[in-house]
Amino acid sequence: MLIFLVYLFSFIGSSLLFIAAIIKLKLVFPLTDHNKLIAAVSLFKIKFPVQFITSNNTCIVAINKTSRKVAIGTISSTFQNKPTANLYAFDEILGCEIVENSLTLSKVTKTSLISRREIEIGEEITELTINIYINAAKVKVLSISILPDQLSLIRTEHQYTQIFTEALHLYQLLTEVVVDGDRDLRRVAQ
């Protein structure tokens, strides 16, 4: 009986030490929003050579041109920072646009390209989003906020230039997807 108790308490002690080590590792290396987004997209078991994560760590857009798939993952502040990711084929992405202060700067769809509007220097910017139009049961619009929450910038500020460059990069990636998907649809139609 005494030997049984020795083994029992040694097992319990080892288990508690193991659990304490795991908790310590989680505290030392917390799971960041950046890592949560990558983990959400990696659930699809597809390699994505092109990945873009917004600087405010609220969205990831991952593209695999070989399998013609786009994974879009977002972190919602309303659901305790739980990431969600969806997988789309290139032909399901109907278009995208850059929206600044509720005005479209540039928009591309499978049928047209709307170029930039004239911008005013010195204007205060409170919203900078990328809208992605997705072909689902009905057209779904996914809005990705590029500008960090509760931040307004003047167009001439260096930080705005960096954030706008990031938005343009994401827009160009999505434009390639839209154009490639449109090319596929035209090939099928012929």
Side-chain angles (χ1 to χ4, degrees), residues 29-42 44 48-65 69-88 90 92-110 112-134 139-182:
F29 302 109
L31 194 58
T32 63
D33 289 345
H34 183 93
N35 292 338
K36 288 179 187 177
L37 286 170
I38 292 173
V41 168
S42 66
F44 295 121
F48 292 101
V50 179
Q51 293 184 5
F52 181 84
I53 298 178
T54 58
S55 61
N56 57 2
N57 289 325
T58 58
C59 179
I60 183 172
V61 175
I63 300 171
N64 184 320
K65 291 183 180 180
K69 299 288 183 190
V70 177
I72 302 173
T74 57
I75 289 184
S76 174
S77 59
T78 57
F79 295 112
Q80 302 165 342
N81 288 344
K82 184 172 172 132
T84 57
N86 293 308
L87 187 65
Y88 304 102
F90 274 23
E92 291 178 301
I93 307 295
L94 300 176
C96 64
E97 68 180 336
I98 298 177
V99 177
E100 182 183 79
N101 289 349
S102 301
L103 297 171
T104 299
L105 291 183
S106 188
K107 180 176 184 176
V108 64
T109 64
K110 292 205 182 288
S112 67
L113 170 65
I114 300 172
S115 60
R116 296 178 153 225
R117 71 169 177 93
E118 290 296 317
I119 53 178
E120 299 175 27
I121 303 299
E123 181 182 353
E124 183 180 36
I125 308 303
T126 56
E127 172 199 15
L128 183 62
T129 60
I130 299 275
N131 290 336
I132 304 171
Y133 299 96
I134 300 166
V139 176
K140 175 179 156 185
V141 179
L142 179 63
S143 292
I144 300 170
S145 177
I146 305 294
L147 197 63
D149 292 338
Q150 281 114 32
L151 181 66
S152 62
L153 298 170
I154 304 296
R155 190 177 309 252
T156 55
E157 292 179 14
H158 178 69
Q159 187 179 7
Y160 174 78
T161 305
Q162 288 177 325
I163 291 171
F164 188 75
T165 302
E166 179 182 315
L168 276 177
H169 181 69
L170 180 56
Y171 176 76
Q172 289 166 347
L173 287 173
L174 291 169
T175 298
E176 289 177 24
V177 169
V178 171
V179 170
D180 283 351
D182 187 37

Single hit among Leu142, Val177, Ile144 for side chain to side chain contact (heavy atoms under 4.5 Å, CB included) with Val61 = Ile144

Interatomic distance, [X] atom [atom1] to [Y] atom [atom2] [nearest 0.5 angstrom]:
| X | Y | atom1 | atom2 | answer |
| --- | --- | --- | --- | --- |
| Ile72 | Thr84 | CD1 | OG1 | 10.5 Å |
| Ile146 | Thr165 | CD1 | OG1 | 11.5 Å |
| Gln162 | Leu153 | CD | CG | 10.5 Å |
| Glu97 | Thr129 | CD | OG1 | 7.5 Å |
| Ile130 | Cys59 | CD1 | SG | 9.5 Å |
| Thr175 | Leu170 | OG1 | CG | 9.0 Å |

key: Minimum side-chain heavy-atom gap Ile93-Ile134 below 4.5 Å   = yes

query = Can you find a heavy atom in the side chain of Asn101 that is under 4.5 Å from one in the side chain of Thr126?
reply = yes

Closest non-hydrogen atom pair between [X] and [Y], with its separation:
| X | Y | value |
| --- | --- | --- |
| Gln51 | Ala62 | CG-CB, 3.9 Å |
| Tyr171 | Ser106 | OH-OG, 2.9 Å |
| Ile125 | Leu147 | O-CD2, 3.8 Å |
| Phe52 | Glu166 | CZ-CG, 3.2 Å |

request  = Please work out which of the three classes, parallel, tilted or perpendicular, describes the rings of Phe164 and Tyr160, given edges at 30° and 60°.
outcome  = parallel

request  = Give a yes or no on whether the backbone of Pro49 and the side-chain of Asn64 come within a donor-acceptor separation of less than 3.5 Å.
outcome  = no

request  = Dump the intermediate steps for side-chain contact (heavy atoms from CB on, under 4.5 Å) on Asn86 and Lys140, then the final yes or no.
outcome  = CA-CA 12 Å; Asn86 293 308; Lys140 175 179 156 185; 4.0 Å; yes

task = Check the side chains of Tyr133 and Thr109 for a donor-acceptor pair under 3.5 angstrom, ignoring hydrogens and angles.
result = no

